[in-house]
Amino acid sequence: MSAPVWEDGGWAPRPCLTGDVTADVCVVGLGGSGLTAVAELLDRGATVVGVEAGYVGGGAAGRNGGFLLAGLAHGHHRMVPVLGRERAALLYRRTLEEMDRIEAATPEAVQRKGSLRIERTADGLEDCAAQAAALRADGFAVEEYDGPEGQGLLLPYDGVLQPLARCRQLARSLAASLYELSAVLDITPRLVTTDKGRVRCGAVVVAVDGGLGQLLPELASRVRTVRLQMLATAPTHEIAVPRPVYLRDGYEYWQQLPDGRIALGGFRDRGGREEQTSSTDTSAVVQGALEQFLREDLGVQAPITHRWAASVGYTQDALPYLGQVRQGVWAAGGYCGTGNVVGALCGRQLAANALGESADYFG
Ligand SMILES: Cc1cc2nc3c(=O)[nH]c(=O)nc-3n(C[C@H](O)[C@H](O)[C@H](O)COP(=O)(O)OP(=O)(O)OC[C@H]3O[C@@H](n4cnc5c(N)ncnc54)[C@H](O)[C@@H]3O)c2cc1C
């Protein structure tokens, strides 16, 4: 049951890298962030080789909850004091623009139907009010919500995507050499080494999010690895969930797929330190909590057909890491569990930086 509910079998695997190849830029990691970096590099006229340890979208990018959310991991009201109002608003706007680009690039995989932030405590609802006030102050749409899912906020710009389909569609559209089952063992300026091949290149883009600390040990203290888990049910009409919903500021999240299945994730805090792992095995503790929530809170008794996990990167300040780690080696990650949009934005910036631009999409 470890395959995600998104797996539809429609992928022709790419070759493994063997021997020496050459490109302007080598992109390491072919999830949503790396693939966006490849696309941006191609748009800018560079030649690109992409290398992936597993399969395209085989990491968190193809195994996630499918929420397409504006903003960073923490709500806009919490980013304003950290970044300043102007910068926080600019970043929020950039994520909205990136969502539009994701939708334009892979329209069949995306549905923009808004999202619900639901809270069940007075503190949570107070936090919703602060979030709504900060968004409105900067001209971003938000509505108070009180409906069958509970009370909270409706964020109308948000949506969902079929995350694995998005990665595969993006990869198919790219005129670049993409290699699978080609784990990178070593990165030095201008040379990327896998177990069977090497890429000689002018610059390297590393987009491995939860794997950053392993591949680039100098980032291990900045970006820690955390496992997130999900389950999905058989198609059901026991409940109707018109929009993706998240609870407890995003700890729990669920959506109903077009065929009626419920896809539910969360309870990483229930797993404690055990979730600080790159293992993609599911655990009884977190899966038990998810199952209990499904049955008792959502009232869904449909059989569980899928259980899966993947690892992501978390940072201390909830801001992504993005920078030049070694001469000519640019890396990003640490999206704190919400990287579908921000990861793509970072991928774009990494591409610009790798070609020598001082672009700072986050500044
Ligand atoms: C269960 C779960 C639910 C989530 N829900 C959401 C959500 O609803 N919305 C949202 O925005 N975000 C969500 N996230 C977070 C989101 O999935 C990630 O932030 C995002 O996918 C990061 O994309 P990425 O391309 O940077 O990294 P990844 O998708 O992790 O891709 C990195 C790739 O690098 C490869 N790699 C690693 N090491 C090497 C190496 N040495 N050599 C070559 N390749 C390597 C991996 O195999 C992987 O394919 C969720 C994550 C999980 C796990």
Side-chain angles (χ1 to χ4, degrees), residues 4-6 17 26-38 50-73 95 98-99 102 115 158-161 163-164 166-167 170-171 179-187 192-195 199 204-216 223 225-232 244 246 250 252-255 263-268 275 278 280 282 286 290 307-314 320-322 331-347 350:
V5 70
W6 316 114
L17 176 66
C26 176
V27 175
V28 180
L30 298 176
S33 312
L35 290 165
T36 306
V38 175
V51 281
E52 162 58 49
Y55 294 96
V56 163
R63 300 172 71 83
N64 66 54
F67 283 47
L68 204 56
L69 304 177
L72 303 176
T95 59
E98 191 59 44
M99 287 159 78
I102 292 172
S115 74
D158 291 347
V160 285
L161 47 65
L164 188 54
R166 171 222 178 186
C167 291
L170 191 53
Y179 295 97
E180 296 182 324
L181 298 178
S182 305
V184 169
L185 305 175
D186 191 40
I187 300 176
V192 172
T193 307
T194 68
D195 60 345
V199 184
V204 185
V205 161
V206 183
V208 301
D209 191 21
L212 270 184
Q214 274 161 296
L215 189 53
L216 298 169
V223 182
T225 305
V226 175
R227 174 175 61 187
L228 303 179
Q229 303 193 35
M230 294 193 69
L231 57 73
Y246 54 97
E252 281 72 65
Y253 45 95
W254 63 98
Q255 63 154 308
L264 165 70
F267 294 106
R268 75 178 158 84
E275 301 311 298
S278 57
T280 55
T282 54
V286 174
L290 285 170
R307 296 180 189 273
W308 73 95
S311 61
V312 298
Y314 273 77
Y321 170 82
L322 198 159
Y335 312 119
C336 304
T338 52
N340 281 337
V341 179
V342 182
L345 200 53
C346 286
L350 288 174

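In listed order, ligands and their atoms are each counted from 1. Positions are given from 1, in the same order as the sequence printed here.
Looking at every heavy atom in both residues, Leu30 comes nearest to Glu52 through N-OE1, 2.8 Å.
Taking atom 11 (O) of ligand 1 as the reference point, the nearest protein heavy-atom neighbour is Asn340 N, 2.9 Å. The shortest contact between atom 42 (N) of ligand 1 and any protein heavy atom is with Val184 N, 2.8 Å. Here the heavy atom of the protein found nearest to atom 52 (C) of ligand 1 is Leu228 CD1, 3.6 Å. Protein heavy atom nearest atom 44 (N) of ligand 1, with residue, atom name and distance: Ala53 N, 3.0 Å.
Arg268 contributes no side-chain N or O that, together with a main-chain N or O of Arg227, makes up a donor-acceptor pair within less than 3.5 Å.
Heavy atoms of Glu52 found under 4.0 angstrom from ligand 1 belong to the backbone as well as the side chain.
With sequence neighbours excluded, no residue forms a ring-ring contact (aromatic ring centres under 6.0 Å, His included) with Tyr321.
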Practice problem: For the pair Leu68 and Val160, evaluate side-chain contact (heavy atoms from CB on, under 4.5 Å) and give the outcome as yes or no after the intermediate values. | Solution: CA-CA 5 Å; Leu68 204 56; Val160 285; 5.9 Å; no

Quiz item: How far apart are the C-alpha atoms of Asp209 and Ser33, what are their side-chain angles, what is the distance that settles it, and do they pass the side-chain contact (heavy atoms from CB on, under 4.5 Å) test?
Solution: CA-CA 9 Å; Asp209 191 21; Ser33 312; 6.0 Å; no

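Against a heavy-atom cut-off of under 4.0 Å, Val312 is close to the following atoms of ligand 1: 15 (C), 51 (C), 53 (C). Which parts of ligand 1 touch Gly65 is read off a 4.0 Å heavy-atom cut-off, strictly below it: atoms 3 (C), 4 (C), 5 (N), 6 (C), 7 (C), 8 (O). Listed by number with element, the atoms of ligand 1 under 4.0 angstrom from any heavy atom of Ser33 are 23 (O), 24 (P), 25 (O), 26 (O). Of all atoms in ligand 1, numbered sequentially from 1 with element shown, those under 4.0 Å from a heavy atom of Arg63 are 1 (C), 2 (C). For ligand 1, the atoms sitting less than 4.0 Å from at least one non-hydrogen atom of Leu215 are 41 (N), numbered in the order shown with element in parentheses. Of all atoms in ligand 1, numbered sequentially from 1 with element shown, those under 4.0 Å from a heavy atom of Asp209 are 18 (C), 19 (O), 22 (C), 26 (O), 27 (O). Applying the 4.0 Å criterion to heavy atoms of Tyr335 picks out, from ligand 1, the atoms 19 (O), 22 (C), 26 (O). Atoms of ligand 1 found under 4.0 Å from any heavy atom of Val28, numbered from 1 in the order shown, are 42 (N), 43 (C).
The shortest heavy-atom distance from Gly337 to ligand 1 is under 4.0 Å. Residue contact annotation: Gly210 has no non-hydrogen atom under 4.0 Å from ligand 1. Close to ligand 1: Tyr253, with a non-hydrogen atom less than 4.0 angstrom away.
Side-chain contact of Thr193 with Asp186: a donor-acceptor pair under 3.5 Å is absent, judged by distance alone.
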